[in-house]
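To keep things clear, I will list the structure first and then write my remarks on it.
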Amino acid sequence: MTAARTWLAKSEPSKYPWTQLVADGRTSWDGVRNFEARNNLRAMAKGDLVLFYHSNEGKEVVGVARVSRTAYQDPTTDEDWSVVDVEPVVALPKPVTLAAIKADSTLAEMAMLKRSRLSVVPVTSEEFAHILHMGACKLSRRVRT
DNA sequence: GCCAACGTTGGC
DNA sequence: GCCAACGTTGGC
């Protein structure tokens, strides 16, 4: 068993905001149509934590979600794309903006900055912890996998 | 709303 | 298999 990994996934708030995930309790992360993003989805393990980022509007990390089901066929297409299921874990008390991420030298190597158009990217455990810290978010025991 | 970045498609 | 055209994402 490899160590749990952490990720960042983008959603446009006008399409599927964090509040909707909280309201739904669980959702399938569909619509990914990029090979690299798809491969990242397929690399997710159950229990992996995912930073939920609002693109276009807000441009900030707003919460932490958790993978509740690993990759399976995207039901919205016959083609070879995948979805995972995620559930909300906790909202960040202080959302972490893209500007704040860019301004922080310890986050300069983040994949989301280097590969800005990729909707699902890996996050190192250091980066993950740092963003939670910036977001004034303490992971409680129930979050740990 | 514009435009840069960049992944994907399709002609050759 | 190369590369130009095209489409989409996402920041500004």
Side-chain angles (χ1 to χ4, degrees), chain A residues 2-139 143 145:
Chain A
T2 54
R5 277 175 282 188
T6 50
W7 310 89
L8 180 144
K10 300 178 185 178
S11 182
E12 294 184 41
S14 61
K15 290 183 181 169
Y16 196 88
W18 167 258
T19 51
Q20 188 66 49
L21 177 62
V22 172
D24 290 346
R26 167 189 264 231
T27 195
S28 60
W29 199 274
D30 61 18
V32 169
R33 292 295 182 270
N34 170 284
F35 292 116
E36 194 173 348
R38 182 192 70 182
N39 291 341
N40 286 335
L41 286 180
R42 291 179 178 177
M44 290 180 182
K46 187 172 181 180
D48 279 2
L49 297 175
V50 183
L51 296 172
F52 193 111
Y53 175 82
H54 279 165
S55 61
N56 287 314
E57 293 171 58
K59 282 167 290 181
E60 56 193 9
V61 178
V62 291
V64 180
R66 172 169 41 208
V67 176
S68 56
R69 182 180 173 187
T70 54
Y72 57 100
Q73 172 65 34
D74 187 335
T76 65
T77 179
D78 289 335
E79 294 172 43
D80 186 23
W81 298 108
S82 295
V83 300
V84 298
D85 286 356
V86 297
E87 59 191 12
V89 175
V90 65
L92 296 190
K94 290 163 49 183
V96 178
T97 64
L98 178 63
I101 290 170
K102 283 184 169 176
D104 193 309
S105 60
T106 67
L107 299 175
E109 299 300 314
M110 276 191 80
M112 75 164 297
L113 296 180
K114 301 256 168 171
R115 313 291 315 282
S116 63
R117 287 180 62 250
L118 201 56
S119 59
V120 181
V121 292
V123 176
T124 70
S125 55
E126 291 80 10
E127 291 162 350
F128 188 85
H130 196 71
I131 286 179
L132 289 192
H133 179 72
M134 291 167 75
C137 178
K138 287 187 166 43
L139 279 186
V143 169
T145 55

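Letters A, B, ... are given to chains in the order of the sequence lines, protein chains preceding strands, and every chain is numbered from 1.
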**Report entry** First-last contacting nucleotides on DNA chain B - partner chain A, under 4.0 angstrom, heavy atom
**Finding:** B:dA5 to B:dT8
Query - Where A:Met134 and A:Ile101 come nearest, the two heavy atoms and their spacing - result: CE-N, 4.5 Å
Requested in this report: Among residues two or more places apart or on two chains, list those pairs meeting ring pair (Phe, Tyr, Trp, His ring centres under 6.0 Å) that have a residue in residues 106-129 of chain A.
Outcome: none
Requested in this report: Please list residues of residues 112-119 of chain A whose heavy atoms come under 4.0 Å from any atom in DNA chain C, ordered by number; otherwise none.
Outcome: A:Ser116, A:Arg117, A:Ser119
Report summary line: Shortest non-hydrogen pair, A:Glu57 vs A:Ser14, comes out as OE2-CB, 3.6 Å
Query raised in the report: Base, sugar-phosphate alone, or nothing: which one does A:Lys59 contact when heavy atoms must sit under 4.0 Å apart?
Result: base
Query - Shortest non-hydrogen contact between A:Ala37 and A:Val32, atoms and distance - result: CB-CG1, 3.5 Å
Report task. Output, in order, the C-alpha distance, side-chain angles, deciding distance and verdict of side chain to side chain contact (heavy atoms under 4.5 Å, CB included) for A:Val83 and A:Leu41. Result -> CA-CA 7 Å; A:Val83 300; A:Leu41 286 180; 5.6 Å; no
Query raised in the report: Is a side-chain donor or acceptor of A:Gln73 paired with a backbone partner of A:Thr77 at a separation under 3.5 angstrom?
Result: yes
Report task. Pick base, sugar-phosphate or nothing for A:Asn34, based on heavy-atom distances below 4.0 Å to the nucleic acid. Result -> sugar-phosphate
**Report entry** CG/A:Asp78: more than 12 non-hydrogen atoms of other groups inside 6.0 Å
**Finding:** no
Requested in this report: Only one of A:Phe52, A:Tyr72, A:Tyr16 passes ring-ring contact (aromatic ring centres under 6.0 Å, His included) with A:Trp29; say which it is.
Outcome: A:Phe52
